[in-house]
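Notes for the one structure printed next.
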Amino acid sequence: MPTLFLEIPKRFNLRRTLYSHGWSELLPFEIDEQNWRLTYVFSGAGLPRPAAATVSQHDESKLKIDVLGGADKLSSKAEAKILRDARHILRLDDDLEEFYRLAASEKDLEWIARTNAGRLVRSPTVFEDLVKTLCTTNCNWAMTKKMTANLVEKLGEPDDSGLRRAFPTAAAMANQPVEFYKNEIRAGYRAPYFKELAEKVAAGALNPEAWLNSDLPTRELRREMKRVKGVGDYAADNLLKLAGRYDGLALDSWLRAQFYRTYNEAKPCEDKLIERHYERFGRWRGLVIWCEMTRRWLDD
DNA sequence: GCGTCCAGGTCTACC
DNA sequence: GGTAGACCTGGACGC
């Protein structure tokens with residue numbers, strides 16, 4: 001069972017990162033809350049077959065990645081692929097110094113800088129994040145988990161042990177008819193959205209990975225994201241956050257309810273009021289509201 | 001058991 | 001650009 005090591009930035013908090021939002025609960029992620037470990041089934045170029053690996057804290061400066069099962073030794077390409085994806089998932093290369101300076105300047109937010117919160121877990125590919133984001137729209141979290149699990153279990157390629165599966169490729173998803181997404185994935189009205197998205201990505205007509213390093217201003221990138229069927233305001237803002245752009249608030253019913261409870265005596269208010277409240281945080285406002293509203297997750 | 005509501009929204013048609 | 005109504009699913013709730 002090969003073990004890899006990954007250097008971490010000085011300002012990093014594995015627990016806060018794993019609990020940054022619900023992504024760690026969606027297959028092929030698995031979170032072990034007792035021991036604070038995250039398992040993911042890595043796949044793609046560099047790996048001949050999917051490989052499950054568990055990330056945990058090794059010491060103050062390193063994370064440990066235990067590759068589960070399979071060969072005793074990985075090729076250098078496979079090692080590099082797993083390390084690269086792990087850095088991406090945990091946002092190890094994100095520069096949050098400006099965000100921390102901003103947070104530290106406000107009494108109620110200084111905890112963010114003190115605990116090094118703010119790195120939001122994401123998938124190795126934007127395609128996976130895009131599909132998962134579609135699974136969060138207009139349904140409760142249990143449905144999101146179920147749709148994602150169905151996709152992985154019914155379309156994902158198994159690892160060597162056969163116990164775990166990777167997230168399906170766009171090609172695998174494109175090969176399925178719309179009825180498959182309705183009947184097997186239980187995606188309902190989202191079924192044609194999955195089919196259309198997978199076909200476009202598999203054919204090279206759409207490349208969501210380019211959104212990560214796009215030169216487009218956020219407003220235009222947001223517009224481009226919304227060209228994908230099923231992606232509206234909330235979904236685009238969520239994807240922008242995962243791409244490292246936090247100028248959208250990604251307001252959904254849950255986030256709104258938290259804001260009402262925190263600042264408006266649990267009474268609903270217009271989105272404009274929420275936007276005004278976070279305006280002073282500029283390009284970091286989406287990360288500020290998210291950290292503020294999810295602060296108690298780890299305490300609870 | 002049955003009907004209704006709602007949840008980490010979006011699309012389309014219409015004005 | 002703003003708004004109303006339709007859209008899938010499945011759990012919670014009231015009767």
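Below, read A as the first sequence line, B as the second, and so on, with proteins coming before strands; counting in each chain starts at 1.
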Between Asp129(A) and Ser123(A), is there a side-chain donor-acceptor contact under 3.5 Å, judged purely by atom types and distance? yes

I need the CG-P distance between Asn138(A) and dC8(C), as an integer number of Å. 11 Å

How many whole angstroms separate atom CD of Glu25(A) from atom P of dG8(B)? 13 Å

Answer with base, sugar-phosphate or nothing: what part of the nucleic acid does Ala191(A) contact at a heavy-atom distance below 4.0 Å? nothing

Quick check, are the ring centers of Trp36(A) and Tyr19(A) under 6.0 angstrom apart? yes

Under 4.0 Å from OP1 or OP2 of dG8(B): is there any side-chain N or O of Thr137(A) that close? no

NZ-OG distance between Lys81(A) and Ser76(A), expressed to the nearest 0.5 angstrom: 14.5 Å

Could you measure between the two C1' atoms, the one in dA7(B) and the one in dC7(C), and give it in whole Å? 14 Å

Could you state the atom-to-atom distance from CZ of Phe194(A) to P of dT9(C) in whole Å? 13 Å

Give the C-alpha distance, both sets of side-chain angles, the deciding distance and a yes or no for salt bridge (charged side-chain N to carboxylate O under 4.0 Å, His left out) between Asp93(A) and Arg87(A). CA-CA 7 Å; Asp93(A) 297 319; Arg87(A) 294 194 75 82; 2.8 Å; yes

Side-chain (Arg280(A)) to main-chain (His277(A)) donor-acceptor, under 3.5 angstrom: yes

Asp252(A) has a side chain; which of dG10(C), dG8(B), dC8(C) sits nearest to it? dG8(B)

Side-chain N or O of Arg186(A) versus OP1/OP2 of dC8(C): is the shortest distance under 4.0 Å? no

OP1 or OP2 of dG10(C) versus the side-chain N and O atoms of Lys146(A): is any pair under 4.0 Å? yes

Return whichever of Arg190(A) or Ala142(A) has its heavy-atom-nearest nucleotide of DNA chain C closer to the 5' end. Arg190(A)

Rounded to whole angstrom units, what separation is found between the CD1 atom of Ile185(A) and the C1' atom of dC8(C)? 14 Å

Nearest listed nucleotide, side chain of Met143(A), among dG9(B), dG8(B), dT9(C): dT9(C)

Could you state the CD-P distance from Gln258(A) to dA7(B), rounded to the nearest angstrom? 13 Å

Got a salt bridge between Arg256(A) and Asp271(A), using NZ or NE/NH1/NH2 to carboxylate O under 4.0 Å? yes

Which base, if any, makes a Watson-Crick or G-U wobble pair with dC8(C), both distances under 3.5 Å? none

Whole Å only: how far is the CG atom of Asn183(A) from the P atom of dG10(C)? 11 Å

Pairwise P distance, dC2(B) and dC8(C) [rounded to whole Å]: 23 Å

Phosphate OP1/OP2 of dT12(B): any Lys229(A) side-chain N/O under 4.0 Å: yes

Considering only atom P, compute the distance from dA6(C) to dT4(B) and round it to an integer number of Å. 14 Å

Nearest-nucleotide wise, let me know which of Val228(A) and Trp290(A) is further upstream toward the 5' end of DNA chain B. Trp290(A)

Rounded to the Å, how far apart are Leu255(A) CG and dG8(B) P? 11 Å

Rounding to an integer number of angstrom, what distance separates dG5(C) and dC6(B) when you compare their P atoms? 16 Å

Using purine N1 to pyrimidine N3 plus N6-O4 or O6-N4 for Watson-Crick, or N1-O2 and O6-N3 for G-U wobble, both under 3.5 Å, which nucleotide pairs with dG8(B)? none

When rounded to whole Å, the OH to P distance for the pair Tyr234(A) and dC11(B) reads 14 Å

Can you work out whether Gly230(A) or Trp141(A) has the more 5'-proximal nearest nucleotide on DNA chain B? Trp141(A)

